[in-house]
Amino acid sequence: MCEYCGCQSLTAIDELTREHDEVVRLISHLRTAHRKGDTARMARTARAIARVLGPHTRVEEHGLFPALAGDFPDRIAQLEAEHRRVDSVLAEAADGAVPADPTWPDRLLHAMDLLRAHILKEQDGVFPAALALLGTEEWEAVEAERARAGGALSPPAGARGREPAGPPR
């Protein structure tokens, strides 16, 4: 992923990037499960991806994106719409469910292809733009949103009993 602009030197961007990396790792498990026809494992992996994306999306949509929407309204709207499309397919496996819809595994893989492209847009476009455009006040708002949202990879200070999104079992 991106390392050319230095944006990962900022804690907020580093955390978002690490979450992207974890999602990409989990997607590889999804593809293996799909090849084996293991829909139950796909559902478990979808839930693991959703656990990472929940706080991640909140930080982007309530912290980072509002700070950039004035400069890039169409791009931010597109990214938010992509979040909704991915979330809707992942949600079908929520609450321990294995989706009965026989089209779900293929729709999930299609959503993950969209997500991979989405991640590249953020890392190669949004994050460098944020580095260039956001001031201290905007970065503080992003950090405050992270504190509220927590994260699947590194729980907020004082939080106990939360597990990182490990490999699906």
- Message: Could you walk me through whether R31 and S28 satisfy the side chain to side chain donor-acceptor pair (under 3.5 Å) test, starting with their C-alpha distance in whole Å, then the side-chain angles of each, then the deciding distance to 0.1 Å, before giving a yes or no?
- Response: CA-CA 5 Å; R31 293 189 188 291; S28 72; over 6 Å; no
- Message: Using the rule given for side chain to side chain donor-acceptor pair (under 3.5 Å), can you reason through H29 versus R41, listing the C-alpha separation, both sets of side-chain angles and the distance that settles it, and then say yes or no?
- Response: CA-CA 9 Å; H29 291 290; R41 183 170 180 211; 3.2 Å; yes
- Show your working on side-chain contact (heavy atoms from CB on, under 4.5 Å) between L114 and E82 and close with a plain yes or no. CA-CA 8 Å; L114 171 66; E82 290 171 357; 4.0 Å; yes
- Can you check side-chain contact (heavy atoms from CB on, under 4.5 Å) on H62 and R148, steps first, answer last? CA-CA 10 Å; H62 299 281; R148 285 188 290 275; over 6 Å; no
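Ring orientation note: the planes of F127 and H20 are close to parallel, at an angle under 30° on the 30°/60° scale.
Using a 4.5 Å heavy-atom threshold, the side chains of L120 and Q123 count as separate. Taking 4.5 Å as the limit, every side-chain heavy atom of V142 sits out of range of all side-chain heavy atoms of I13. Residues F65 and T57 are not in side-chain contact: their nearest non-hydrogen atoms beyond the backbone lie 4.5 Å or more apart. Using a 4.5 Å cut-off on side-chain heavy atoms (C-beta onward), M42 and L108 make contact. Using a 4.5 Å cut-off on side-chain heavy atoms (C-beta onward), R18 and D14 make contact. Annotation: side chain of R116 is not in contact with side chain of M112 (no heavy-atom distance under 4.5 Å). In this structure the side chain of E60 never reaches within 4.5 angstrom of the side chain of E145, judged on heavy atoms. L64 has its side chain within reach of L68: a pair of non-hydrogen atoms, C-beta onward, lies under 4.5 Å apart.
A distance of 5.5 Å separates CZ of R146 from CG of L16, quoted to the nearest 0.5 Å. A distance of 11.5 Å separates NE2 in H83 from CG in L90, rounded to the nearest 0.5 Å. In this structure, E122 CD and L115 CG are separated by 8.5 Å, a value rounded to the nearest 0.5 Å. In this structure, CD on E15 lies 6.5 Å from OG1 on T11, to the nearest 0.5 angstrom. A distance of 10.0 Å separates CD1 of I119 from OG1 of T17, quoted to the nearest 0.5 Å. How far CZ of R47 is from CG of L26: 12.5 Å, rounded to the nearest 0.5 Å.
Pairs of residues two or more places apart, or lying in two chains, that qualify as salt bridge (Lys or Arg N to Asp or Glu O under 4.0 Å) and include a residue from residues 85-101 are R84-D87, E92-R107, D101-R107. Sorted by first and then second residue, the salt bridge (Lys or Arg N to Asp or Glu O under 4.0 Å) pairs with a member in residues 71-81 form an empty list; sequence neighbours excluded.
In the hydrophobic clustering of ILVMFWY residues, with side-chain heavy atoms under 4.5 Å counting as a link, I49 and V98 come out apart.
Electrostatic pairing of R25 and E22 counts as a salt bridge here, judged by a charged N lying under 4.0 Å from a carboxylate O.
Considering every non-hydrogen atom in both A93 and A46, the closest pair reads CB-CB, 4.1 Å. For the pair A149 and P55, the tightest heavy-atom approach, listed with the atom from each and the gap, is O-CB, 3.5 Å. Here the shortest heavy-atom pairing between F72 and A129 reads CE1-CB, 4.0 Å. Here the closest non-hydrogen pair linking A12 and W139 is CB-CZ3, 4.1 Å. Contact detail for V89 and W104: the closest heavy-atom pair is O-NE1, 3.1 Å.
With hydrogens and angles ignored, the 3.5 Å screen pairs no side-chain donor or acceptor of E19 with any backbone N or O of L53.
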